[in-house]
Amino acid sequence: EPIIPVKDPTSDMAIISRKGSQLVRKHREQKERKKVGAPGGTGCLVICDGKLRILQIGIQKTTIRRPEQKFAEHMKEKNEARSEFAKKKSLLEQRQYLPIFAVRQQLLNIIRDNNIVIVVGETGSGKTTQLTQYLHEDGYTSYGMVGCTQPRRVAAMSVAKRVSEEIGSNLGDEVGYAIRFEDCTSEKTLIKYMTDGILLRESLRESDLDHYSAVIMDEAHERSLNTDVLFGLLREVVSRRTDLKLIVTSATMDSDKFAAFFGNVPIFHIPGRTFPVDILFSKTPQEDYVEAAVKQALQIHLSGLMGDILIFMPGQEDIEIVERLEELENAPALAVLPIYSQLPSDLQAKIFQKAPDGVRKCIVATNIAETSLTVDGIMFVVDSGYCKLKVFNPRIGMDALQVFPISQANANQRSGRAGRTGPGQCYRLYTQSAYKNEMLTTTIPEIQRTNLANVVLLLKSLGVQDLLLFHFMDPPPEDNMLNSMYQLWILGALDNTGALTPTGRLMVEFPLDPALSKMLIVSCDMCCSADILIIVSMLSVPAIFYRPKGREEESDQVREKFSVPESDHLTYLNVYMQWKNNNYSSIWCNDHFIHTKAMRKVREVRSQLKDIMVQQKMNLVSCGSDWDIIRKCICAAYFHQAAKLKGIGEYVNVRTGMPCHLHPTSSLFGMGYTPDYIIYHELVMTTKEYMQCVTAVDGEWLAELGPMFYSVKQAGKSRQVSQADAARPHRVCAWRSAAWRRRCPWQSSSCEPVEKNRRRRATWAASGSSVTISTSFTT
DNA sequence: TATGGTGCA
C-alpha cells in the first residue's frame, strides 16, 4: 500500500499528521492482527526500591515489505575532523580550558585525604582524560600504575590514545590500554586504560591488585555486570590495602548511594560543559509511540528550524517502520538513517557522514546512541520513552527480551544528546507526570536481571565462601543466585558442599558461559575438541547470519545451503569450515549473507580459547565427520536444557513441561524432520518462548549424561525418557549435603514435605531400579 | 509455524 505524498507540506499541518496517521494506522492494524493468537501475559514483575511494579507492554509486530535495498559501498571516512578550537590551541591550553582544571588542587587534596572518593563528573568536564594525569603528576605512579576502567573497548582505546598525545609519549609506553584480544601496554606503562572486564580478570590472578596505586572506575553509573562485581571486590581490596586509592565516577542521581556503599565517603562535584536543552513533554499519554514519533519528527522537519534529528526507538522493527518517513517525497529533503548494533558496519557508518547541503539527517536509533555512539550536530531528540531489556527468569531459566519504559536516567541521557554542539530541544513522547511518577529513577542494574552462573563461578574462584553474604551494591535476587549455583552443580563445577571442583577451576580459565566451558572440557575426553572449539566460538558472538529487509527469502535460501538438518550447532560448524575453505574471505561472507565482523570475531575468540587450552594442557583433536560424537558432546553440557516432541513441530521442556518453540532461524524449523528429543543453547521469550540454537539428541544420552534429571523407563516396546527429577536446587542439594543445607536460607519449613519425598526417591534411584517417578511441575 | 536492546571477558 503506497503512501500518498503530502501535497503542500509547509502550509497545512493537519494534512501532515493525517498522512502520518495513515502510515501508522496500517502498522497498528497489522500489530493487532498479529496479537491474535500470540501468548498473553507479556508483562513482567519487577522489584525496585522495595516496590513491586507490574510492567505490561503490548507486542510490537509488523511486516512491511521494502523494495530491494542497495548496500552502501563506502565505509566511514576516517578524516579526523578537528574542531576549530583544537586547531588553534596547544594541547596544554586545551587541557587548562577543561572545567576540571579549575578544581584540580581541591580534587587532589580530597584524594590524598581519603582512600575512596566518589566523583560526579558531568559530560564535558574532562574527568576521563584528566583524572589519570593529575594522579600521575601528583606522584601516584611512582609506586604503581594508575588504572582507569571503561565499560566499552572503543572508549578505552580512544581515551588512551588522546592521553598519550597529551603526555607526549607513544601509545603503549607511559600510557597504554588493555582490552580483550589486545594488550597495548609495556613495562614502562604508568597510566592504563582498560575495560572493566579486564580488571576483573586481573583480580583473579592478583586479588589485591598490587600493580596499581590507584584505580578509577569511570562511567560506573552505567552499572554493567562487571562494574557491580568490581564494586564488591574493590571495596574489600581498599580495606586491606591502605595505600590504594579508589575513585568511582557517578551520575548526580546515584552519588549518595555510591558514597553510602563505600562507607560514607566524600563526593566531589565537577561541573560539565554542555549546551542547554529544552525539554518538551507530551501533554497527553501517547497511544502509539511509533506514530507519535513519526508525527513529531515531521513537525520538526517542516518547522524550518535547522539541525539534525535523533529518534530513540526500542528495537529494529520499530526503526524499520519509522524509516518510511523518507518516502514522503514532496517534503524537503530528509535523510532517514537507521542505527542499531546488528546493522552491518557500512550502513552504520552512514550516520557519521555529512548529509548533502540542504538535506537534514534524521537518525533512528536504539539505545546504542544513548551511550555507545555519539553523533555530533544533533539539535533535536525525539524520545519514545521505551527501550528493550533482557530480563532473566531463574525459575524457568529463560531470558525475556521485552519492551520497558525507560528510567529517568535514560531519559536525561537521551535528552543530553541534543546539547553536544549547540542548544537543542528534546521532545518526550510521554507526560511529565509519567516521567515523575511512573519511571524508575535509574534502570534496574544488570546484575539483578541476568543469569549469574558466570558471576558465581568467578566469585567462588576468588574464594568468596558464602555468596549470599557477598557485599553487592544491589544484591541480585536470592533465587537467581541459588539457581546459578544449582546450574554449576549440575555441570560439575561445584561439589555437594558448594565448593569449586577441579572442573570448576578449569572452567574459570575460559572467558565463556559455564556450559560452554564445560562443553569444551568434555570434548577433550570425547576426542572432538577441535570441532567443539569452533562451535563454542561461533556461539560466543552475536548473530552470524544477516537477513536484510527486502531480501528475506533470498537470504533464507542461502542460509539453507549450510543447514545440517539435525543440528544448528553443526550448521555453525559447517559455516565456519566453509569460510575457512574460502580463505576467511569477506566477499564470501557478503555473498552468503553472513556478518563478516562476526566471523572475524569468531576467529579471534577461537584463537584465544585455543591458547588457553594449550596452556591448560588440553588436547586438540578433531573427530572428523563423526558428527554423532559432537552431538553427544553438546548433550553432555546442555542436558539440563532439553525438550521433548509433543505434536507436529511442538516441543515441551522436559524439566518444566513448558511449551517451547523452535526459533524460525533454526535449521530444524519447518523441515519436516522432528526428532523426539532436542537440547537448546538458549531459551528466549520475545513474541513466544523460543529455543535458539538446537540439536537433536538421543533420549538415552539424556539419561546417561544427566542422571540427576532423567531415567529410562520401559513403555511397551519403546523406551522413553522421562523426567526423573524436577527438583529445585535446594531440594536436590539439601539431601546430599548437610553443609550445603546450612548455607541455604530457604531451607525452611515450606520446603520440608518436598524434601522428604525427595529422600525417598533418592533411595529408589540408588537401588538401581529403572522405575521413573513422574513429578508434576508447579510454578 | 514465522525472527535478536546494549556492552564485556
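Only this structure's heavy atoms are used, side chains among them; waters, hydrogens and symmetry mates stay out.
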| note | Between NZ of A:K390 and P of B:dC8 the distance, given in whole Å, is 15 Å
| Which part of the nucleic acid, if any, lies within contact of A:T665, taking any heavy atom under 4.0 Å across all strands shown: a base, the sugar-phosphate backbone alone, or nothing? | base
| Just checking, is any N or O donor in the side chain of A:D318 or A:Y386 under 3.5 Å from an acceptor N or O on the other one? | no
| said: Using a 4.0 Å heavy-atom cut-off, does A:Y690 contact any base of the nucleic acid, only the sugar-phosphate backbone, or nothing at all? | reply: sugar-phosphate
| task | Classify the nucleic acid contact of A:I368 as base, sugar-phosphate or nothing, counting any heavy atom under 4.0 Å across all strands shown. | result | sugar-phosphate
| Per A:H663 side chain, nearest of listed nucleotides B:dT3, B:dA9, B:dG5 | B:dT3
| said: Rounded to whole Å, please give me the gap between CZ in A:F181 and C1' in B:dA9. | reply: 8 Å
| task | For A:Y340, report the nucleic acid contact type (base, sugar-phosphate, nothing); a contact means any heavy atom under 4.0 Å. | result | sugar-phosphate
| A:Y651 OH to B:dT1 C1', straight-line distance once rounded to whole Å | 13 Å
| message | Given B:dG4, B:dG5, B:dC8, identify the nucleotide with an atom nearest to the side chain of A:R152. | response | B:dC8
| said: Taking any heavy-atom pair under 4.0 Å as a contact, classify A:L512: base, sugar-phosphate, or nothing. | reply: base
| query | A:E446 near the nucleic acid: base, sugar-phosphate alone, or nothing, with a heavy-atom cut-off under 4.0 Å? | reply | base
Atom pairs and distances, donor-acceptor, side-chain atoms in residues 365-372 of chain A, under 3.5 Å, two or more places apart:
| residue | atom | partner | partner atom | Å |
| --- | --- | --- | --- | --- |
| A:T366 | OG1 | A:I368 | N | 3.2 |
| A:E370 | OE1 | A:R414 | NE | 2.8 |
| A:E370 | OE2 | A:N410 | ND2 | 2.7 |

| In terms of base orientation, is B:dG5 syn or anti, with the syn window spanning 90° either side of 0? | anti
| Residue met sooner reading DNA chain B from 5', once A:Q316 and A:P511 are mapped to nucleotides | A:Q316
| Do any side-chain nitrogens or oxygens of A:S341 fall under 4.0 Å of OP1 or OP2 in B:dT6? | yes
| query | Hey, is A:K561 close enough to A:E554 for a salt bridge, meaning N to O under 4.0 Å? | reply | no
| request: Would you kindly check whether a donor in the side chain of A:R547 faces an acceptor in the base of B:dT3, or vice versa, at under 3.5 angstrom? | output: yes
| Spacing between A:E650 atom CD and B:dT1 atom P, to the nearest angstrom | 8 Å
| query | For B:dT6, does either OP1 or OP2 sit under 4.0 Å from a side-chain N or O belonging to A:K388? | reply | no
| message | Counting only side-chain nitrogens and oxygens, does A:S224 get under 4.0 Å of the OP1 or OP2 atom of B:dG7? | response | no
| message | Quick test of your reading of the model: are A:D474 and A:R223 salt-bridged, counting only N-O distances below 4.0 Å? | response | yes
| request: Determine the contact category for A:R201: base if any of its heavy atoms lies under 4.0 Å from a base atom, sugar-phosphate if only primed atoms, P, OP1 or OP2 are that close, otherwise nothing. | output: sugar-phosphate
| message | Counting only heavy atoms not in A:K610 (residues, nucleotides, ligands), do more than 12 fall under 6.0 Å from its NZ? | response | no
| note | note: A:E552, atom CD; B:dA2, atom C1'; distance rounded to Å ~ 12 Å
| message | A:Y680 and side-chain hydrogen bond (donor to acceptor under 3.5 Å, both in side chains): which single residue from A:D568, A:N653, A:T695 fits? | response | A:N653
| salt bridge (Lys or Arg N to Asp or Glu O under 4.0 Å) pairs, two or more places apart, involving residues 449-459 of chain A | none
| Hey, does A:I179 reach any base, or is it just sugar-phosphate, or nothing, if we go heavy atoms under 4.0 Å? | sugar-phosphate
| query | If you check every side-chain atom of A:D556, which of B:dT3, B:dT1, B:dT6 has the closest atom? | reply | B:dT3
| message | Check this one for me: any side-chain N or O of A:T366 less than 4.0 Å away from OP1 or OP2 of B:dT6? | response | yes
| Integer-rounded Å distance: B:dC8 C1' and A:D228 CG | 13 Å
| request: With heavy atoms under 4.0 Å as the rule, sort A:R153 into base, sugar-phosphate or nothing. | output: sugar-phosphate
| query | A:Q342 has an atom CD; how far is it from atom P of B:dT3, in whole Å? | reply | 16 Å
| query | A:M685 has an atom CE; how far is it from atom C1' of B:dG5, in whole Å? | reply | 16 Å
| field | Proximity to the side chain of A:N226 - top-ranked nucleotide from B:dG4, B:dC8, B:dA2 | value | B:dC8
